[in-house]
Amino acid sequence: MSTKSIITPSIPLRLYNSHSRALEVFTPMDADNIRLYFCGPTVYDRVHLGNLRAMLCADVLVRLLKARYETVTYVRNITDIDDKIIARARDNHEDIDALTARTTKEFHDDLNALSIIAPDIEPRATQHIGDMLAMISSLIAHNHAYEAEGHVLFDVHSFDSYGALSGRSLEDMQAGARVEVAPYKRNPGDFVLWKPSAEDEPGWESPYGRGRPGWHLECSAMSQRYLGPSFDIHGGGNDLLFPHHENERAQSLCCTPDSAFARHWLHVGMLLCNGEKMSKSLGNFHTIHKALEHAPAEALRLLYLGSHYRSTLDFSWEKLDEARRIMDRFYRALEKTPPRSNSAVPHPVQEALCDDLNTPLAIAELHKYADGAMNGQQEDADSLYAAGRLLGLFGLTSSEWFQGDVSLDTETINALINQRLEARKAKDFAKADEIRAHLTEQGILLEDTPNGTTWRKA
RNA sequence: GGUCCGGUGGCAGAAUGGCGAUGUAGCGGACUGCAAAUCCGCGUAUGUGGGUUCGAUUCCCGCCCGGACCUCCA
């Protein structure tokens, strides 16, 4: 069954465009095919909770778009050639291909565990070297790029609109330049399109010698190949706004001056850890893998949905625990009143999501439906479930949520529950409590109800 | 230093030119052998100083504080 029937396409979708710095009503270039591009990972290490934020934001956006439009083409790249990859492979004494293949698989595993919707196309940089060289050639031909000491550099002064996306001028940036400027650059802001590779580094033959592409070029080449020179939405973490997206935009617009490149730019706020940006270079990161040992995937998803994508989110294990308790309540409500499938997503939730993906407001609505479902209201249960499904929640049954992955087998648990019931019948509460405490130690919580004793994992 | 974003109860987090959601934590109660869950009830918040306005948490300015970016970053 199509999701179209559960959504109201007439509600306007407003998204914040970081280029114009304003909320804009999203109007597709081609309503029959929405095209969006998100920057994916550089595959040299496991993705962490900060990386997850942009992936999850894209996930919610794509789910909403796919519910509203016939066809959505979602491209998310894999950066599999990069200096950090080379360095890590060297440190690990590992073959580069083995490192990127392994890390890519871990990336997919982590995202699958979170039910992150897969991109329709997931291109790899190393498979598009030809596209990149063609762009370089075009940029040189139009005097937007120049060769210097085996490098090819983009000339930022050749593009009048350079800095327009990130809202900064070349003068401002030079004032704060903190990195040593390579002597072969005409301007400090010029960035590498192609750089030479040493003997022991991966490289491709090119008119400029054996080398490899600069980081920004791959996204320009791959977005153009799969989405065309102009497409609807380009997104990523807001730390990519400058220089990555600024440079992508410069390259792409200089290659295809009549195009719009990305019409709508979406940037996701940073995840902090103890008040500081979570990043690999700071070393204050937690991997998705580790977080999933601490709490179920949907608790992690709910934690992220609980804050707006553009605001910073200060991660803590306590907040993850809280999200877990909220999911407990939601699943309990669905257990109390099992929902019917294919119900319409309630309007308040749609309105919230269409208002720049206001997931915290949408979640607040879910609590109201949970109250109703807890009280036996069928329509509230249906609403809760439909809204949650749109947000990527409720992929499990209640019994899977409460009783999945426990250390004890069901027979043992039930036998102990029966022993405890006997003890309670005999008013031997000391023994009953002892059995309950024993189970609690094993991560099993008992709940006495009028209909008998049930259990769930702690 | 330059550019930008933000500061709402213990915590998280919406919204709004005039009643400041929701959740979580806390407290009290019902229920329970005791718990758990559930239900009922309670409390506490718009960083600071000005301005505009009949009225500002919301709009404007200064200040303080926090974070991001300034060519590694989601």
Side-chain angles (χ1 to χ4, degrees), chain A residues 18 21 38-42 44 47-58 82-84 87 156 163 166-169 171-182 185 188-192 214-216 235-244 246-247 267-272 275-282 285 302-303 306-308 310-314 316 318-319 321-323 325-326 328-329 332-333 335-336 352 355 358-368 370-371 374-375 424 427-430 432-433 436-437 440 445-450 453-456 458:
Chain A
S18 40
R21 293 185 195 176
F38 265 76
C39 293
T42 301
Y44 70 101
V47 284
H48 61 65
L49 295 178
N51 304 125
L52 175 61
R53 189 125 193 255
M55 302 295 126
L56 190 54
C57 174
D82 175 88
D83 286 1
K84 278 183 299 217
V156 292
S166 57
R168 57 189 80 201
S169 66
E171 298 74 52
D172 288 344
M173 287 183 275
Q174 285 167 26
R178 64 175 183 183
V179 171
E180 199 178 337
V181 176
K185 288 187 180 183
D190 291 353
F191 56 91
V192 170
W215 172 39
H216 316 295
N238 72 9
D239 53 353
L240 296 184
L241 180 55
F242 188 89
H244 185 55
E246 190 70 60
N247 292 353
H267 287 97
V268 182
M270 291 294 102
L271 185 88
L272 309 184
E276 239 186 351
K277 176 180 168 183
M278 184 180 287
S279 72
K280 288 175 185 171
S281 46
L282 281 175
F285 64 92
L302 186 75
L303 167 62
S307 73
H308 186 82
R310 279 194 285 123
S311 63
T312 50
L313 167 57
D314 202 349
S316 73
E318 290 72 25
K319 288 173 191 169
D321 288 336
E322 181 181 327
R325 287 192 291 272
I326 294 169
D328 279 345
R329 183 174 161 82
R332 208 181 300 278
E335 190 174 47
K336 185 77 186 295
D355 184 12
N358 192 341
T359 52
L361 190 55
I363 297 297
E365 292 296 324
L366 260 59
H367 286 287
K368 298 179 192 170
D371 288 344
M374 200 72 85
N375 193 31
R424 291 180 70 206
K427 303 277 185 198
D428 185 356
F429 295 121
D433 289 349
R436 185 169 61 192
T440 302
L445 285 185
L446 298 188
E447 297 183 353
D448 297 325
T449 75
T453 297
T454 61
W455 65 272
R456 63 182 170 95

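If you're wondering where the values come from, they're calculated on a predicted model, not measured in any experiment. Numbered from 1 within each chain, the chains take letters A, B, ... in sequence-line order.
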C1' atoms of G62(B) and C11(B), separation to the nearest Å: 31 Å
S307(A) side-chain proximity, nearest of G33(B), C4(B), G13(B): G13(B)
Separation of the P atoms in U48(B) and A30(B), to the nearest angstrom: 40 Å
Residue L272(A), side-chain heavy atoms: nucleotide from C69(B), A74(B), G67(B) that is nearest: G67(B)
OG1 on T453(A) to CG on L446(A), rounded to 0.5 Å: 6.5 Å
Touch class at under 4.0 angstrom, heavy-atom based, for G50(A) against every strand present: base
Nearest-nucleotide pick for I326(A), side chain only, options being A74(B), U24(B), C34(B): U24(B)
Sugar-phosphate, base or nothing in reach of K277(A), heavy atoms under 4.0 Å: base
Heavy-atom side-chain proximity of L445(A) to T440(A) below 4.5 angstrom: yes
Exam field: side chain N358(A) to backbone L361(A), donor-acceptor pair closer than 3.5 Å: yes
Gap between atoms NE2 and P, on H267(A) and G6(B) respectively (whole Å): 16 Å
Nearest-angstrom distance, P atom, G49(B) to A35(B): 47 Å
Whole-Å gap separating P (U22(B)) and CG (L303(A)): 21 Å
Check: D190(A) side chain, V156(A) main-chain N or O, donor-acceptor pair, under 3.5 Å: yes
Separation between the P atoms of G17(B) and A56(B), rounded to whole Å: 14 Å
Distance-only donor-acceptor test, E322(A) side-chain atoms vs G23(B) base atoms, 3.5 Å: yes
Distance in angstrom units between E365(A) CD and A15(B) C1', rounded: 12 Å
Donor/acceptor link under 3.5 angstrom from D433(A) side chain onto base of G33(B): yes
Value in whole Å for how far the P atom of A14(B) lies from CG of L361(A): 9 Å
Spacing of the C1' atoms in C59(B) and U52(B) (rounded, Å): 8 Å
pair R456(A)-D328(A): side-chain heavy atoms closer than 4.5 Å: yes
Under 3.5 Å: donor-acceptor pair, side chain of D314(A), backbone of G275(A): yes
Length of the CE-P vector between M270(A) and G6(B), whole Å: 15 Å
5' precedence on RNA chain B between A432(A) and P41(A) (nearest-nucleotide basis): A432(A)
Sugar-phosphate, base or nothing in reach of L271(A), heavy atoms under 4.0 Å: base
Nearest-Å distance for atom pair CG/P, residues L313(A) and A74(B): 17 Å
Residues D433(A) and R424(A) bridged, charged N to O under 4.0 Å: no
Under-3.5 Å donor-acceptor pair between D448(A) side chain and C34(B) base: yes
C1' gap between C54(B) and G13(B), integer Å: 32 Å
Check: R332(A) side chain, M374(A) main-chain N or O, donor-acceptor pair, under 3.5 Å: no
Residue H367(A), side-chain heavy atoms: nucleotide from G23(B), A74(B), A14(B) that is nearest: G23(B)
Mutual orientation of the aromatic rings belonging to F285(A) and H48(A) [parallel < 30°, tilted 30-60°, perpendicular > 60°]: tilted
Sugar-phosphate, base or nothing in reach of L241(A), heavy atoms under 4.0 Å: nothing
Touch class at under 4.0 angstrom, heavy-atom based, for N358(A) against every strand present: sugar-phosphate
Nucleotide nearest R332(A) when distance is taken to its side chain, options U38(B), A14(B), A74(B): U38(B)
Residue whose nearest RNA chain B nucleotide is more 5′ - D239(A) or E276(A): E276(A)
Closest listed nucleotide, where the reference is the side chain of A54(A) and the choices are A15(B), A74(B), C69(B): A74(B)
Distance below 4.0 Å between R329(A) side-chain N/O and C39(B) OP1 or OP2: yes
L52(A) CG to A74(B) P, straight-line distance once rounded to whole Å: 13 Å
Gap between atoms CG and P, on D371(A) and G23(B) respectively (whole Å): 6 Å
G41(B) versus C65(B) - spacing of their C1' atoms, nearest Å: 37 Å
Which nucleotide in C4(B), G13(B), A21(B) has an atom nearest any side-chain atom of A364(A): A21(B)
side-chain N/O R325(A) vs G23(B) OP1/OP2, d < 4.0 Å: no
Contiguous pairing runs of three or more, Watson-Crick or G-U under 3.5 Å, that involve RNA chain B: B:1-7 with B:64-70, B:10-12 with B:22-24, B:26-30 with B:38-42, B:47-51 with B:59-63
Sugar-phosphate only, base, or nothing, as touched by G275(A) at under 4.0 Å among non-hydrogen atoms: sugar-phosphate
Out of C39(B), A74(B), A37(B), whichever nucleotide has its closest atom nearest the side chain of R456(A): A37(B)
base_contact_polar (C34(B) base, R436(A) side chain, donor-acceptor, <3.5 Å): yes
Sugar-phosphate only, base, or nothing, as touched by H308(A) at under 4.0 Å among non-hydrogen atoms: sugar-phosphate
Minimum-distance nucleotide to M374(A) side chain [options: C39(B), U24(B), A14(B)]: C39(B)
Given G67(B), C11(B), G33(B), the nucleotide with the shortest approach to the side chain of F429(A): G33(B)
Atom pair NZ/CG of K277(A) and N238(A) - distance to nearest 0.5 Å: 8.0 Å
Spacing of the P atoms in A14(B) and G51(B) (rounded, Å): 31 Å
Gap separating the SG atom of C57(A) from the NE2 atom of H267(A), nearest 0.5 angstrom: 11.0 Å
Sugar-phosphate, base or nothing in reach of M55(A), heavy atoms under 4.0 Å: nothing
